[in-house]
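Here is the structure we will look at, set down as structure tokens.
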Amino acid sequence: MANGYSKQIQERIGNALEGTVFVNSDFADIADTETVRRNLNRLTKTGILRRVLKGIYEKPEYSEMLKEYVAADPEAVAKALARNYHWTIAPCGNTALNLLGLSTQVTAVWSYISDGPYKTYEWNSTKIEFKHRTNKEITGLSYMTALVIQALKTLGKANVTSETIQALSSRLSMEDKNVMLKEASESTDWVYNAIRQIVGEAQRK
């Protein structure tokens, strides 16, 4: 029976894209925690997976151009940690600006607000920090809505230009925009006004 579990776990990993990050609970529908842990450890030893942090594994991505394995994506690791501990998270500060293409400044620390505890994780030369915030800042918001709100707050009202609005509008899908317009209605007035402009609501009225 264990072989059946192993096969299913390996198939799921095999079907995933390179660079995908896994936690034990991603296989909870296949086997119990201990069986999953043993299988992931075995797959790490054989090189199919790479351990990033305790309980966090990556299907390594090989770059033909660089002729080496690419470093784990901090954003994927942050989402995996959130999934593992059942946190709701959203990028904040320069991390939010980077992910939305509003800044090219390389961030030394990947920062997220979270409804979980204050936590910091480090591996190789990468650092992720989770900053505790009250639930109302992130609960009930889709990832993209929370990301845009945090990016706007990082910039500040005076620095949200027409170029910023245009950049965000071109980056978001119509579905993202419609969801954001509904979800962000409780935001600070200037933030919601900026979101209405991103969606195009202000121009239509």
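Everything quoted here is computed from the prediction, not taken from an experiment.
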Can you hop from Trp190 to Val148 via hydrophobic side chains spaced under 4.5 Å?
-> yes

Can you label the angle between the Tyr121 ring and the Trp87 ring as parallel, tilted or perpendicular, going by 30° and 60°?
-> tilted

Would you check if the side chain of Lys59 reaches a backbone N or O of Gly14 as a donor-acceptor pair within less than 3.5 Å?
-> yes

Taking the six-membered ring of Tyr112 (Phe, Tyr or Trp), confirm whether the NZ or CZ of Lys79 is under 6.0 Å from its centre and within 45° of its axis.
-> no

If you measure from the Lys or Arg side-chain nitrogens to the Asp or Glu carboxylate oxygens, is any gap between Lys127 and Glu129 under 4.0 Å?
-> no

So CD1 of Ile165 and CD1 of Ile198: to nearest 0.5 Å the spacing works out to 4.5 Å

Distance col, row Asp176:CG vs Leu181:CG, nearest 0.5 angstrom, shows 12.5 Å

Note: Asp26-Arg83 ion pair, threshold 4.0 Å (strictly below) = yes

For residues 25-58, the ring pair (Phe, Tyr, Trp, His ring centres under 6.0 Å) pairs (sequence neighbours left out) are Phe22-Phe27

Under the salt bridge (Lys or Arg N to Asp or Glu O under 4.0 Å) test, residues paired with Arg12 that sit two or more places apart = Asp29

To the nearest 0.5 Å, atom OG of Ser63 lies from atom OH of Tyr69 at 11.5 Å

Mark yes when over 12 heavy atoms from residues, nucleotides or ligands other than Tyr143 sit less than 6.0 Å from its OH; otherwise mark no.
-> yes

Decide salt bridge (Lys or Arg N to Asp or Glu O under 4.0 Å) for Glu58 and Arg50; before the verdict, give the C-alpha distance in whole Å, the side-chain angles of both, and the deciding distance to 0.1 Å.
-> CA-CA 5 Å; Glu58 181 207 25; Arg50 176 167 64 182; 2.6 Å; yes

